[in-house]
Amino acid sequence: MAYVIGEACVDVKDRQCVEECPVDCIYEGDRKLYINPTECIDCGMCKAVCPTAAITSDIRTPESLLAYIADNARFFAEPLPGRTEPVGTPGGAEDFGATGVDTEFVAALPRRDGD
Ligand code: F3S
Ligand code: F3S
């Protein structure tokens, strides 16, 4: 089980969740953030602070957002566009830094501002 960041983070990236996570397992893409499902300890602290309610437990994710469970995992397990190695489990998002890139699934989503 892990927590998952869904559609409501896209083009918002409030980042309060990053401040709360005790194990620093929330990694930054270009348009949204992603929770490392291997590093997440299921504490729920991130969910409580997100102003857009973008975070859910994977076992409570609504059906309309189920694609985000696989997509969060894909961000770490498969090489991101333009990269040859997957992110994997670096053990800390702050040291790893922002990736500046999203999964193909998120990159293809319509812009929230309509552009
Ligand atoms: Fe996104 Fe909410 Fe975190 S908008 S960056 S999941 S606080
Ligand atoms: Fe981190 Fe706990 Fe959320 S480990 S990703 S704050 S559920």
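The figures that follow rest on heavy atoms only: side chains count, while hydrogens, waters and symmetry mates do not. We count ligands from 1, going down the list as the structure has it; atoms in each ligand are counted the same way.
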- Which ligand 2 atoms, with their elements, are less than 4.0 angstrom from a heavy-atom of Val23? 4 (S)
- Note on the structure: Atoms of ligand 2 under 4.0 Å from any heavy atom of Cys46, numbered from 1 in the order shown, are 3 (Fe), 5 (S), 6 (S), 7 (S)
- Under 4.0 Å from any heavy atom of Cys25, which atoms of ligand 2 are there? 1 (Fe), 5 (S)
- Say whether Met45 and Leu33 are linked into one hydrophobic cluster, either directly or through other cluster members, by side-chain heavy-atom distances under 4.5 angstrom. no
- Message: Give the atom numbers and elements of ligand 1 that come within less than 4.0 Å of a heavy atom of Leu33.
- Response: 5 (S)
- Task: Note the single closest protein heavy atom to atom 1 (Fe) of ligand 1, along with its residue, its atom name and the distance in Å.
- Result: Cys9 SG, 2.4 Å
- Pro37 side chain near Phe76 side chain, heavy-atom distance below 4.5 Å: yes
- Ligand-residue contact atoms, ligand 1 with Thr52, heavy atoms, under 4.0 Å: 4 (S)
- Cys17 backbone or side-chain N/O/S under 2.8 Å from atom 3 (Fe) of ligand 1: yes
- Item | Distance filter under 4.0 Å to Cys43 heavy atoms, resulting ligand 2 atoms | 2 (Fe), 4 (S), 6 (S), 7 (S)
- Query: Is Cys40 close enough to atom 1 (Fe) of ligand 2 to have an N, O or S atom under 2.8 Å?
  - Reply: no
- So the atoms of ligand 1 within less than 4.0 Å of a heavy atom of Lys13 turn out to be 5 (S)
- Message: If you apply the rule side-chain contact (heavy atoms from CB on, under 4.5 Å), what do you find for Asp42 with Ser57, and how did you get there?
- Response: CA-CA 8 Å; Asp42 305 323; Ser57 159; over 6 Å; no
- Note on the structure: Counting from 1 in the order shown, the ligand 2 atoms closer than 4.0 Å to a non-hydrogen atom of Ile35 are 5 (S)
- Task: Decide yes or no for Val23 and Cys40: does some side-chain heavy atom of the first lie under 4.5 Å from some side-chain heavy atom of the second?
- Result: no
- Using a distance-only test with no angle check, is there a side-chain donor-acceptor pair under 3.5 angstrom linking Thr61 and Thr56? yes
- Message: Just to confirm my output: which protein heavy-atom neighbour is closest to atom 5 (S) of ligand 1, and how far is it?
- Response: Arg15 N, 3.2 Å
- Item | pair Glu94-Ile26: side-chain heavy atoms closer than 4.5 Å | no
- Interatomic spacing from CG in Leu65 to CD1 in Ile5 - rounded to 0.5 Å: 12.5 Å
- Task: Would you mind running through ligand 1 and noting each atom that sits below 4.0 Å from a heavy atom of Ile55?
- Result: 6 (S)
- Message: Working to the nearest 0.5 angstrom, can you tell me the gap between Thr99 OG1 and Phe75 CZ?
- Response: 3.5 Å
- Item | For atom 7 (S) of ligand 2, closest protein heavy-atom neighbour | Gly44 N, 3.1 Å
- Message: When you measure from atom 2 (Fe) of ligand 1 to the N, O or S atoms of Cys50, does any of those distances fall below 2.8 Å?
- Response: yes
- Query: Which of the numbered atoms in ligand 2 are below 4.0 angstrom from a heavy atom of Pro22?
  - Reply: 6 (S)
- Is Asp102 salt-bridged to Arg31, going by a charged N under 4.0 Å from an acidic O? no
- Query: Which ligand 2 atoms, with their elements, are less than 4.0 angstrom from a heavy-atom of Ile41?
  - Reply: 4 (S)
- Any salt bridge between Arg15 and Glu28, counting N to O under 4.0 Å? yes
- Tell me which one of Asp14, Ile26, Val4 gets a heavy atom nearest to atom 4 (S) of ligand 1. Asp14
- Task: List every atom of ligand 1 that sits less than 4.0 Å from any heavy atom of Gln16, numbering the atoms from 1 in the order shown and giving each element.
- Result: 7 (S)
- Query: Has the side chain of Tyr27 got a donor or acceptor atom that lies under 3.5 Å from a matching backbone atom of Gly92?
  - Reply: yes
- Query: So, do Cys50 and Asp14 sit near enough that their side-chain heavy atoms are less than 4.5 Å apart?
  - Reply: no
- Item | Residue Cys21 vicinity, atoms of ligand 2 by number, heavy atom under 4.0 Å | 1 (Fe), 4 (S), 5 (S), 6 (S)
